[in-house]
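Written out below as structure tokens is the structure these notes cover.
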Amino acid sequence: MKPPKENPVLWNINGYQLQINHPNKLYWPEDKISKLALLTYYKEMAATLLPYFKNRPVTLHYFPRGIHNFSFYRRNFDQKTNSPIQTVDYQEVSQDKTIQLPLIHTEEGLLWLVSKGCIEFHLWSAKAIDFLHPDMAIFDLDIGNNTPFNKVLKAALVTRDYLKKQGIVVYPKTTGGTGIHLYVPIKPIYDFKTVRMWVKSVGGRLSKMYPELVTTEKSGRKTHQGNRVTIDYSQNSIGRNTAAPYTVRAYRLAPVSTPLHWYEVEKGGFKPTDFNLKNLPARIAKEGDLFEGTLKNQQQLPVE
DNA sequence: GGCCGGC
DNA sequence: GCCGGCCAACGCTTT
DNA sequence: AAAGCG
Ligand SMILES: [Mn+2]
Ligand SMILES: [Mn+2]
């Protein structure tokens, strides 16, 4: 007894005929969230999300059978099939190979990828075609499994306070997972190593000021940094990527990487899953797009 | 989810 | 025709 | 040198 065949759904997106197969397939079975619900989320959020994708290569994370089944990353799009996305050539660093990175500039491009099983979008921190000079410095705040979320919020606050004294504005968002991302938009005039070393040095200062709270070392060691927040500066490298603002994550409750007010970080009392596929559109309608500043306020690193 | 190569 | 493999990789750290 | 890691 096969289940009755499910009819595809057709959406017309700016004149592009998008065919959605298995629209009712449950990508999040426990949460009863379907493929069509995921597409609906990205359709509602497209206008907010697309500016962050402009000219920025994206690494895709696909889960074509839902969040509990196999997944794969994809960042190379050989431009042969008729696809509604653009690509840009990229010469890999340690392979002698040129690949074509996807650029998502349209709603139909975004939804086409989702219709093929993509759930998560991860962005590079440099734009095409100057891949050597990032326009974001990213403080990737990571914690282990038994560290409370409010500790990573504390670390975010001391990072903000430290940088504020240097006149630098920082934008926070949830990752959708257990950590926090802090973005410092910068002029694309520094190479990755410079940005990476700057983030590392800020992390180093903070670890001296708050040794129980912050470290820049990976927390594999058994003794020592058990419950500290790691500032993972290595994220600031060419070809590395970070969960995009407003991307859905393939975790229980379909959390979304959500830009925050600083007063929300100060107040705490929330979980990352409180910001999710179901409630993000309403939050944006009410609060607006809290990451807009990252598109405009390109700063310079302090001279020291 | 879909392409591609081997059988 | 069908099946299985494949779809990421930079810069560090550890072994 | 190779493997592991986020
Ligand atoms: Mn992280
Ligand atoms: Mn990390």
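In the text below, chain A, chain B and the rest are named by the order of the sequence lines, each starting its count at 1.
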(request) List in chain and number order the residues that pass side chain to side chain contact (heavy atoms under 4.5 Å, CB included) with Pro148(A), two or more places apart in sequence or in another chain; answer none if no residue qualifies. (result)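 In terms of side chain to side chain contact (heavy atoms under 4.5 Å, CB included), with neighbours along the sequence ignored, Pro148(A) is linked to Asn150(A), Lys151(A).
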(message) Using the ring-ring contact (aromatic ring centres under 6.0 Å, His included) criterion, which residues pair with Tyr251(A)? Sequence neighbours excluded.
(response)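 By the ring-ring contact (aromatic ring centres under 6.0 Å, His included) rule, Tyr251(A) matches no residue at all.
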(request) Name all residues meeting the salt bridge (Lys or Arg N to Asp or Glu O under 4.0 Å) criterion together with Lys271(A); count only those two or more places apart in sequence or in a different chain, and write none if there are none. (result)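 With neighbours one apart ignored, the set is Asp274(A).
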Just list the side-chain donor-acceptor pairs under 3.5 Å for residues 7-16 of chain A, sequence neighbours left out, or say none.
residue: Asn12(A); atom: OD1; partner: Gly15(A); partner atom: N; Å: 2.8
residue: Asn14(A); atom: ND2; partner: Glu108(A); partner atom: OE1; Å: 2.9

Heteroatom pairs (N/O) under 3.5 angstrom, protein to nucleotides 10-12 of chain C:
residue: dC10(C); atom: OP1; partner: Val93(A); partner atom: N; Å: 3.4
residue: dC10(C); atom: OP2; partner: Ser94(A); partner atom: OG; Å: 2.1
residue: dC10(C); atom: O4'; partner: Ile238(A); partner atom: O; Å: 3.4
residue: dC10(C); atom: O2; partner: Arg240(A); partner atom: NH1; Å: 3.1

Kindly list each side-chain donor-acceptor pair under 3.5 angstrom involving residues 255-262 of chain A, sequence neighbours excluded, with atom names and distances?
residue: Ser257(A); atom: OG; partner: Lys173(A); partner atom: NZ; Å: 2.7
residue: Ser257(A); atom: OG; partner: Thr174(A); partner atom: O; Å: 2.5
residue: Thr258(A); atom: OG1; partner: Val256(A); partner atom: O; Å: 2.8
residue: His261(A); atom: NE2; partner: Tyr263(A); partner atom: OH; Å: 3.4
residue: His261(A); atom: NE2; partner: Glu287(A); partner atom: OE1; Å: 2.9
residue: Trp262(A); atom: NE1; partner: Val170(A); partner atom: O; Å: 2.8

Taking any heavy-atom pair under 4.0 Å as a contact, classify [X]: base, sugar-phosphate, or nothing.
{"X": "Phe70(A)", "result": "base"}
{"X": "Phe131(A)", "result": "nothing"}
{"X": "His22(A)", "result": "sugar-phosphate"}

To the nearest Å, how far apart are [X] [atom1] and [N] [atom2]?
{"X": "Asn241(A)", "N": "dC5(D)", "atom1": "CG", "atom2": "C1'", "value": "15 Å"}
{"X": "Arg74(A)", "N": "dC3(B)", "atom1": "CZ", "atom2": "P", "value": "9 Å"}
{"X": "Phe77(A)", "N": "dC4(B)", "atom1": "CZ", "atom2": "P", "value": "13 Å"}

Which residues pass the side chain to side chain donor-acceptor pair (under 3.5 Å) test with [X], sequence neighbours left out?
{"X": "Thr242(A)", "value": "Gln235(A)"}
{"X": "Trp124(A)", "value": "Thr59(A)"}
{"X": "Gln19(A)", "value": "Asn21(A)"}
{"X": "Asp232(A)", "value": "Lys218(A), Ser234(A)"}

(message) Would you call the rings of Tyr246(A) and Tyr52(A) parallel, tilted or perpendicular, taking 30° and 60° as the class edges?
(response)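 Tilted.
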(request) For DNA chain B, just give me the dot-bracket, please: Watson-Crick or G-U, both distances below 3.5 Å, ( ) intra-strand, [ ] crossing earlier pairs, | paired with another strand, . unpaired. (result) |||||||
(request) Using the six-membered ring of Phe77(A), assess whether NZ or CZ of Arg74(A) lies under 6.0 Å from its centre and within 45 degrees of the ring axis. (result)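 Cation-pi check for Arg74(A) and Phe77(A): passes.
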(request) Using only side-chain N and O atoms of Tyr62(A), determine if any of them is under 4.0 Å from OP1 or OP2 of dC6(C). (result)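 Result: no.
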Could you list, one pair per line, each protein nitrogen or oxygen that sits under 3.5 Å from a nitrogen or oxygen of nucleotides 1-4 of chain D, together with the distance?
none

